[in-house]
Amino acid sequence: ECIVNMTVRHVPSAFNSQSTRVVLLLGESHKKLWQIVKDALKKIVPAEAFVKTEEKIDHSFACGYGTVLFFEDQKVVKGLQEAFPAYQENFPGWSLQTSAMHQLAIWVMLEDVGFGASLQHYNPLIDEEVRRAWDLPEHWHLIAEMPFGLPLGTLDRSSAASDVYKRQGYMGAGKTTLGKAFARYMNIPFIDLDWYIEERFHKTVGELFIERGETGFRELERNMLHEV
């Protein structure tokens with residue numbers, strides 16, 4: 001719940017639209033969702049094929065800890081189209097972009113605390129039933145479903161990885177959080193350059209910055225990056 005709340009509060013959106021709506025389903029509500037999915041699929045999937053479909057849902061998505069539902073509030077999108085007609089064609093696309101950022105942020109943070117997750121798209125097959133089941137507004141458009149739970153094993157993706165993946169960005173941009181989750185996903189080591197430098201010189205980055213000045217510290221960073 002904290003992960004969802006933090007994401008909804010802090011992920012940016014075009015024109016600060018904040019059009020993304022997120023619903024967290026746990027326990028019986030989580031199981032109910034996947035029963036809705038099975039009921040919808042059973043109507044359109046041939047009986048002989050549905051056996052494997054049901055098995056996949058029951059032994060992966062439905063047996064997880066919970067599911068995060070991602071919606072986009074079309075009332076907000078249409079309101080912005082009316083308020084800013086010069087950009088009206090862009091707002092639906094921008095809405096999907098902010099939804100994608102919410103999906104990525106929540107997935108990364110779930111991975112960071114030890115959960116595994118996947119992204120599913122059973123909409124529009126389940127849209128109406130989901131709205132009825134949880135009394136959701138008609139103008140909330142379902143985008144994706146993210147089941148999550150404790151992983152049963154570790155996949156070895158290291159053979160597909162390059163020797164080094166580098167992530168650069170501004171302070172506080174999320175490099176460490178994303179890097180740790182990515183390393184866990186790829187089953188490869190994670191190194192934070194600031195931590196490496198502090199361990200190497202037994203001083204904080206702040207102390208080294210003051211001691212050497214910005215030019216000297218940046219040179220030190222480059223040298224340590226090559227060393228790593």
Side-chain angles (χ1 to χ4, degrees), residues 1-22 24 64-66 68 70 90 93-119 144 146-228:
E1 186 175 348
C2 292
I3 288 174
V4 171
N5 287 338
M6 185 168 69
T7 301
V8 172
R9 187 175 296 117
H10 295 294
V11 167
S13 55
F15 283 66
N16 196 30
S17 60
Q18 298 181 321
S19 57
T20 301
R21 306 289 180 259
V22 180
L24 175 62
Y65 185 78
V68 183
F70 297 89
N90 293 329
W94 288 339
S95 168
L96 294 177
Q97 289 171 8
T98 192
S99 178
M101 287 191 287
H102 281 77
Q103 293 166 35
L104 176 61
I106 289 177
W107 192 335
V108 166
M109 285 190 279
L110 286 172
E111 288 270 356
D112 192 45
V113 297
F115 285 113
S118 68
L119 197 62
M146 184 181 289
F148 64 94
L150 295 176
L152 297 177
T154 301
L155 295 177
D156 184 7
R157 300 181 178 89
S158 57
S159 60
S162 68
D163 292 336
V164 179
Y165 287 90
K166 301 174 184 177
R167 291 293 176 268
Q168 296 173 314
Y170 291 109
M171 182 176 61
K175 300 184 298 296
T176 298
T177 299
L178 181 59
K180 287 164 65 177
F182 182 74
R184 185 181 296 111
Y185 177 80
M186 295 297 294
N187 195 26
I188 56 177
F190 169 76
I191 298 174
D192 184 294
L193 189 61
D194 284 351
W195 296 351
Y196 183 84
I197 290 172
E198 289 180 346
E199 286 293 317
R200 181 83 156 68
F201 291 90
H202 306 288
K203 294 180 180 179
T204 67
V205 165
E207 290 171 339
L208 289 166
F209 197 93
I210 293 172
E211 181 182 290
R212 296 171 180 248
E214 181 172 4
T215 302
F217 181 74
R218 298 308 176 198
E219 183 179 356
L220 173 65
E221 277 187 318
R222 286 192 293 272
N223 292 336
M224 291 300 99
L225 187 58
H226 285 301
E227 183 174 300
V228 169

Is there a side-chain contact between [X] and [Y] (heavy atoms, below 4.5 Å)?
X      : Y      : answer
Ile106 : Val4   : yes
Phe201 : Glu211 : no
Leu208 : Ile197 : yes

message = Strictly below 4.0 Å, N to O, side chains only: are Glu219 and Arg222 in salt-bridge contact?
response = no
From [X] [atom1] over to [Y] [atom2], what is the distance, rounded to the nearest 0.5 angstrom?
X      : Y      : atom1 : atom2 : answer
Leu193 : Met224 : CG    : CE    : 8.5 Å
Arg21  : His102 : CZ    : NE2   : 9.0 Å
Ile191 : Glu199 : CD1   : CD    : 12.0 Å
Tyr196 : Leu225 : OH    : CG    : 10.5 Å
Met101 : Leu96  : CE    : CG    : 11.0 Å
Met146 : Trp107 : CE    : CH2   : 6.0 Å

Of the non-hydrogen atoms in [X] and [Y], which two are nearest, and what is the gap between them?
X      : Y      : answer
Leu110 : Ala117 : CD1-CB, 4.4 Å
Arg212 : Phe217 : CB-N, 3.9 Å
Met109 : Thr7   : CE-OG1, 2.8 Å
Pro151 : Gly116 : CD-N, 3.7 Å
Asp192 : Asp194 : OD1-N, 2.9 Å

Could you pull out all donor-acceptor pairs under 3.5 Å where a side-chain atom in residues 11-18 meets a protein atom, sequence neighbours excluded?
| unit_1 | atom_1 | unit_2 | atom_2 | d |
| --- | --- | --- | --- | --- |
| Ser13 | OG | Ser17 | N | 3.1 |
| Ser13 | OG | Gln18 | N | 2.8 |
| Ser17 | OG | Ala14 | O | 3.2 |

request  = Assess whether atom OH of Tyr65 is packed by more than 12 heavy atoms of other residues, nucleotides or ligands within 6.0 Å.
outcome  = no
task = Apply side-chain contact (heavy atoms from CB on, under 4.5 Å) to Arg9 and list each qualifying residue two or more places apart in sequence or on a separate chain.
result = Asn5
